[in-house]
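One structure is given below, encoded as structure tokens.
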Amino acid sequence: MTSVNDSSEDLVVGVDSGGSGLRVALAEAASGTVLETVSSREPVRTGPGGISAGHFLEQVLPAVAALRERAGARPVAAAAVGAAGMATLGGELRAELPGALAEAWGVRRLALAADAVTAYAGALGQRPGAVVAGGTGLIALGTDLTSWRRADGWGHLLGDCGSGAWIGRAGLEAAMRAHDGRRGGSAALLDLAEKLFGPAAGLPGVLYPRTDRPAMLASFAPEVGRCAAADPVAAGILARAGTHIAEAAEAACPVEPGALVALTGGLFKMGEPLLAPLRTALGELLPRARTVEPAGDPLAGAVTLASALADGTLRLPEDPSLLRVFGTEAA
């Protein structure tokens with residue numbers, strides 16, 4: 001007979017909140033096996049206090065209530081939330097979520113993490129290494145399980161070197177050079193740019209007023225990839241991108257031999273035009289590291305964190321802005 005104090009039937013909740021919406025997973029605490037997931041395409045709003053705790057709870061509490069009902073209303077032992085902007089805009093979440101989730105679920109342990117941390121946990125679990133998360137932007141995060149090391153992630157004006165926005169901007173610059181007759185231009189990229197955005201002379205007027213400039217720049221990155229096989233300028237852009245990405249991985253990666261490196265995010269779906277020069281650069285800069293395929297995505301990483309909290313095996317280091325843990329003293 002199972003004791004009423006037996007925790008083997010406990011559940012955990014993982015949440016991945018980003019710019020394209022929010023995903024919630026309910027999983028077995030003991031094994032981390034996901035029972036069900038739900039998603040919303042409505043991103044959590046940002047207000048004067050940062051990421052809105054109220055809007056977050058409006059989406060998550062009903063979703064988890066429905067998931068728990070279908071799972072037999074079993075206890076929630078721990079939860080983990082990974083959110084884009086948590087490091088700089090997560091003050092309201094850190095202030096309000098521990099109490100709100102304890103009241104709603106009776107949850108004993110809670111982790112609030114930057115999305116780069118849940119990307120890391122999803123890709124590598126709790127092993128030392130580095131993860132490069134690449135999409136419109138780019139950030140590398142690494143740990144030796146004592147502290148975190150971050151590289152880049154500074155946005156398209158100050159960094160995100162090698163990202164989709166960086167590649168797209170470099171491709172559009174090459175297009176404008178061809179339009180002007182300057183060295184370093186690409187007629188192929190100019191042709192593609194004008195097909196997508198209209199006459200080259202009007203591109204500044206199309207691009208500069210946009211509030212989503214990084215996404216617009218990144219939308220041109222696949223065109224650079226498609227040109228790379230036949231166009232040396234496009235190939236050179238991707239070669240430089242590969243070097244930038246490897247430099248970020250090198251800066252974040254622990255120095256111990258055998259450290260793991262994983263690449264995650266939509267940027268790397270560009271395939272061999274980017275991955276070939278990136279592999280070469282990683283081999284030169286991190287010869288003692290081992291590149292591995294990511295085991296899972298950021299939602300899987302949130303479940304990994306929650307499961308580790310539930311059984312007291314969390315090894316990833318706490319950090320004031322990257323990973324905050326609440327309630328462990330009560331376990």
Side-chain angles (χ1 to χ4, degrees), residues 12-25 39-61 63-64 76 78-105 107-123 131 133 135-143 147-156 158-160 214 252 264-265 297-306 308-309 314 316-329:
V12 294
V13 173
V15 182
D16 173 41
S17 176
S20 59
L22 181 144
R23 298 183 298 157
V24 182
S39 61
S40 165
R41 293 186 178 181
E42 181 181 7
V44 177
R45 292 191 293 266
T46 300
I51 302 168
S52 170
H55 192 222
F56 177 90
L57 293 168
E58 286 175 13
Q59 295 198 62
V60 170
L61 293 185
V64 172
V76 177
V81 175
M86 180 73 79
T88 54
L89 299 172
E92 189 173 304
L93 294 183
R94 287 187 282 266
E96 298 187 24
L97 289 196
L101 298 186
E103 180 179 353
W105 307 332
V107 66
R108 299 193 300 271
R109 295 182 171 189
L110 172 66
L112 299 180
D115 58 342
V117 171
T118 49
Y120 185 100
V131 170
T136 296
L138 186 135
I139 185 171
L141 193 68
T143 183
S147 61
W148 293 100
R149 300 173 66 173
R150 166 184 170 162
D152 214 338
W154 304 122
H156 74 291
L158 298 177
D160 286 357
T264 184
D297 65 7
L299 183 60
V303 171
T304 295
L305 292 178
L309 280 178
L314 183 67
L316 295 177
E318 292 190 54
D319 179 272
S321 60
L322 292 174
L323 178 59
R324 290 280 300 277
V325 177
F326 302 84
T328 53
E329 70 281 352

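When all heavy atoms are compared, the tightest approach of Pro43 to Gly18 is CB-O, 3.7 Å. In terms of heavy atoms, Leu93 sits closest to Ala53 at CD2-CA, 3.7 Å. Nearest heavy atoms, Leu322 versus Asp319: N-OD1, 2.9 Å. Here the closest heavy-atom approach between residue Ala114 and residue Ala87 is recorded as CB-N, 4.5 Å. Shortest non-hydrogen contact noted between Ala306 and Ala78 is O-CB, 3.4 Å. Between Asp160 and Gly137, the shortest heavy-atom distance links the atoms OD2-CA, 3.3 Å.
Every residue meeting the side chain to side chain donor-acceptor pair (under 3.5 Å) condition with Gln59, not counting sequence neighbours, appears here in chain and number order: Ser40. In this structure, the side chain to side chain contact (heavy atoms under 4.5 Å, CB included) partners of Ile139, at least two apart in sequence or on a different chain, are Ala116, Ala133, Arg150. Applying the side chain to side chain contact (heavy atoms under 4.5 Å, CB included) rule to Ser17 yields the partners Leu22, Val44, Ala83; only residues at least two apart in sequence or on another chain are considered. Not counting sequence neighbours, Asp152 has no partner by the salt bridge (charged side-chain N to carboxylate O under 4.0 Å, His left out) test. Contacts of Ser39 classified as side chain to side chain contact (heavy atoms under 4.5 Å, CB included), with partners at least two apart in sequence or in another chain: Arg23. With sequence neighbours left out, Arg94 forms a salt bridge (charged side-chain N to carboxylate O under 4.0 Å, His left out) with no residue at all. Every residue two or more places apart in sequence or in another chain that forms a ring-ring contact (aromatic ring centres under 6.0 Å, His included) with Trp148 is listed here: Tyr120. For Leu61, the side chain to side chain contact (heavy atoms under 4.5 Å, CB included) partners at least two apart in sequence or on another chain are Leu57, Leu101, Ala104, Trp105. Listed by chain and residue number, His55 satisfy the side chain to side chain donor-acceptor pair (under 3.5 Å) test with Arg45 (two or more places apart in sequence, or in another chain).
Put simply, the side chain of Leu309 reaches to within 4.5 Å of the side chain of Val325, judged on heavy atoms.
No side-chain donor-acceptor contact under 3.5 Å links Thr46 to the backbone of Gly50. Although no hydrogens or angles enter the test, the distance criterion places no donor-acceptor pair under 3.5 Å between the side chain of Glu318 and the main chain of Arg324.
A distance of 7.0 Å separates CG in Asp16 from CG in Asp297, rounded to the nearest 0.5 Å. The distance from the CG atom of Leu112 to the CG atom of Leu323 is 8.5 Å, given to the nearest 0.5 Å.
The only option from Val303, Leu110, Val24, Val107 that meets the side-chain contact (heavy atoms from CB on, under 4.5 Å) definition with Val13 turns out to be Val24.
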